[in-house]
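Encoded as structure tokens, the structure appears first; notes follow it.
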Amino acid sequence: MTTTKTQPPGTYMHVALTDILPTRFNPRTIDTKSDGFRQLLDSIKANGVMVPVHVRVHPGKKGKLELLAGERRFRCAQAAGLKQIPAIHLGALSDEEAFEVTFTENYAREDLTPLEEGKAVATLLEKYSNDTKAVAGKLGRSPGWVATRAQIQANLSVEWSKKAAREPNRWTAGHLAVIAKCPPNLQKALLQRFQYSAPSVRDIERTIVEYTRLLHQARWDLDGIMEVQIEGKTRKAVACLQCSQRSGYQPELWHEENSAEKLAKDERCLDAACWMAKSMVWLKQRVADCRAKYPNLVLVANEYGADDKTIETAVGKFLHAYDYDNVKKQAKDATPAVVVYGPGFGELRWIRLRRSASTSRKAKSEKPSTLKERRKAHEAKRWFVLLRRIRETIQKTLIEEITAKNNMQFLFAVGTKFGTHSTDSQSVRAWKDAAEKFESNEMGNILAVATSYWEQLRETIESHLVYSGPQTKTPADLQEMARIICGYLGIDWKAMYEQVCAEIPEPKAWANLNANGTPKANKRTKK
């Protein structure tokens, strides 16, 4: 049937599919592989299209119609090989009138996915000149709801959008709204962390807290520009208070209440690399100032887990927590020290070196260590490094790499014996979350269940491979435990050990020592 501008509005007619072009205002994503689409397709093949679509005269294409409502029926009709489709011709509507028709049919539906909601909000914001309150009024939602959906549309990474589209039942608006608040580098880290698991919104929020820092804890001027080194390149880092990579840059996305007091207390830096770089610039100056006053200044870490390479590049070697004791300034042998890692970062303290931290304190009359003792200590030092690398490997190990070796029994045995968290309160909360997910079928399948369990259990396994004493005294039973765990998790610790041995070879000077540790006597050449 010919379609013209003189067509009376509301006319029921059959229209050639080739004459119809979908509107750009429709936010819905048509998944042609979904069960719902296939069921509708089967119905249309059997009975044809029963409910007419809505069209108007296309404003830019002569002789064409614009599809305002019924795009899924339209695509099913195409897939079924139909030539025509029943339609209600609404005539030559204005853009405003056409938008209202599309909005009523599509935007007001309750089954929109978070991505579709984001697309809808973005369209409305464009229509209402980015007036959040106007859009909120149109949708009957709060400005915060509108802002989070707009953020999902504008800031969610392509990788996360694809993942959310593939798994619509797993990733709710609550999940995606939290993820979309983060900058690209943090979104990437979250994608890797939760690639195979089904976390709750609180799981994601807790992970973000792990990866971010409270701005009020910064020791540098938040309103100043700093020259920093990031990934080997020097650049000027924008002032923290003017930086877009902070939670307060868009406060409505991070807080329901926008009180200045709450923002000042909770605001976070979302760029971990920049935070670390600025910390090192400030620390370098702090160490220089203290060393000018105390030439015998030493550097110390106040807790375990420091990034040795980054800190040493900035300020030099430092002592670990097991190398010293905190003392008063007036104490005998008290040495000034600056904390380069952990609580009290940058503070000046007074410490006393432990005997194992300084071999120069050995009495002259003390007997030297035997060659056997030295080699045992050297071996323990290698294992200290190896344990750290094993923990790093476990952190990267995927559940598939464990199930492929049929070792899930080992995981459940360990979980039953030790629990899945270091504290009872954490364990109870974790198991409660897991039970709720299971009851609501959020786990999806056994792989998701196993993955969630592995994410919780990983921390327990790592905690049993941590040693906080001197590097040269790594316990033999801890080494044995590491070998057992690696065997069940499929980690090639022997290859890792060989690499460590190559990096920490036995000192060449030991070749000239007797078994008791004394130097070998020089043999005189016979004449």
Side-chain angles (χ1 to χ4, degrees), residues 1-3 7 10-61 63-91 93 98-123 149 152-153 156 158-173 176 440-442 444-445 447-448:
M1 180 179 291
T2 305
T3 59
Q7 190 71 44
T11 301
Y12 176 89
M13 57 192 300
H14 283 81
V15 180
L17 293 176
T18 54
D19 286 342
I20 299 176
L21 299 175
T23 179
R24 64 184 179 88
F25 295 128
N26 186 5
R28 296 184 65 81
T29 300
I30 309 300
D31 184 1
T32 57
K33 296 181 180 179
S34 68
D35 291 338
F37 185 90
R38 287 195 294 268
Q39 290 171 6
L40 180 59
L41 177 59
D42 291 340
S43 174
I44 289 177
K45 285 181 177 179
N47 307 304
V49 178
M50 306 300 292
V51 180
V53 299
H54 289 71
V55 297
R56 70 158 174 165
V57 174
H58 200 286
K61 300 286 186 179
K64 297 294 183 181
L65 297 173
E66 184 177 38
L67 180 65
L68 302 182
E71 184 171 347
R72 201 159 70 105
R73 279 165 277 157
F74 170 73
R75 294 194 180 280
C76 280
Q78 287 181 318
L82 301 184
K83 301 298 183 182
Q84 294 184 327
I85 189 171
I88 302 296
H89 194 308
L90 300 178
L93 297 182
F99 180 83
E100 289 299 326
V101 173
T102 301
F103 174 81
T104 302
E105 174 69 16
N106 295 299
Y107 292 65
R109 296 174 66 100
E110 295 182 356
D111 61 343
L112 291 179
T113 68
L115 296 178
E116 291 170 344
E117 289 176 343
K119 184 178 178 182
V121 166
T123 302
R149 267 57 180 186
I152 289 175
Q153 172 67 14
L156 194 68
V158 174
E159 291 77 13
W160 266 112
S161 295
K162 291 180 179 178
K163 185 174 182 63
R166 290 194 305 268
E167 305 167 350
N169 295 328
R170 177 180 294 183
W171 303 101
T172 66
L176 301 182
S440 61
N441 199 31
E442 290 182 27
N445 51 47
L447 178 59

Determine the minimum heavy-atom distance between [X] and [Y], stating which atoms define it.
X: R149; Y: A173; answer: NH2-CB, 3.1 Å
X: I85; Y: F74; answer: CD1-CA, 3.9 Å
X: L176; Y: A164; answer: CD1-CB, 3.8 Å
X: A80; Y: K45; answer: CB-CG, 3.8 Å
X: A87; Y: V55; answer: CB-CG2, 4.2 Å
X: P52; Y: R73; answer: O-NH1, 2.7 Å

My understanding is that only residues two or more places apart in sequence, or in another chain, count here; which of them pass side chain to side chain contact (heavy atoms under 4.5 Å, CB included) with [X]?
X: K162; value: V158, R166
X: A122; value: Q153
X: L21; value: H58, K61, K64
X: A79; value: L41

Looking at [atom1] of [X] and [atom2] of [Y], how far apart are the two atoms once the value is rounded to the nearest 0.5 Å?
X: Q39; Y: C76; atom1: CD; atom2: SG; answer: 10.5 Å
X: Q78; Y: I20; atom1: CD; atom2: CD1; answer: 8.5 Å
X: I44; Y: R75; atom1: CD1; atom2: CZ; answer: 13.0 Å
X: Q84; Y: M13; atom1: CD; atom2: CE; answer: 9.0 Å

Ring pair (Phe, Tyr, Trp, His ring centres under 6.0 Å) partners for W171, two or more places apart | W160, H175
Could you go through the side chain to side chain contact (heavy atoms under 4.5 Å, CB included) check for L115 and L156 one step at a time?
-> CA-CA 9 Å; L115 296 178; L156 194 68; 3.8 Å; yes
Salt bridge (charged side-chain N to carboxylate O under 4.0 Å, His left out) against E167, all qualifying residues, sequence neighbours excluded = K163, R170
Decide side chain to side chain contact (heavy atoms under 4.5 Å, CB included) for L90 and L68; before the verdict, give the C-alpha distance in whole Å, the side-chain angles of both, and the deciding distance to 0.1 Å.
-> CA-CA 10 Å; L90 300 178; L68 302 182; 4.2 Å; yes
Is a side-chain N or O of R56 found less than 3.5 angstrom from the main chain of L67, in a donor-acceptor match?
-> no
Could you go through the side chain to side chain contact (heavy atoms under 4.5 Å, CB included) check for L40 and R72 one step at a time?
-> CA-CA 9 Å; L40 180 59; R72 201 159 70 105; 4.0 Å; yes
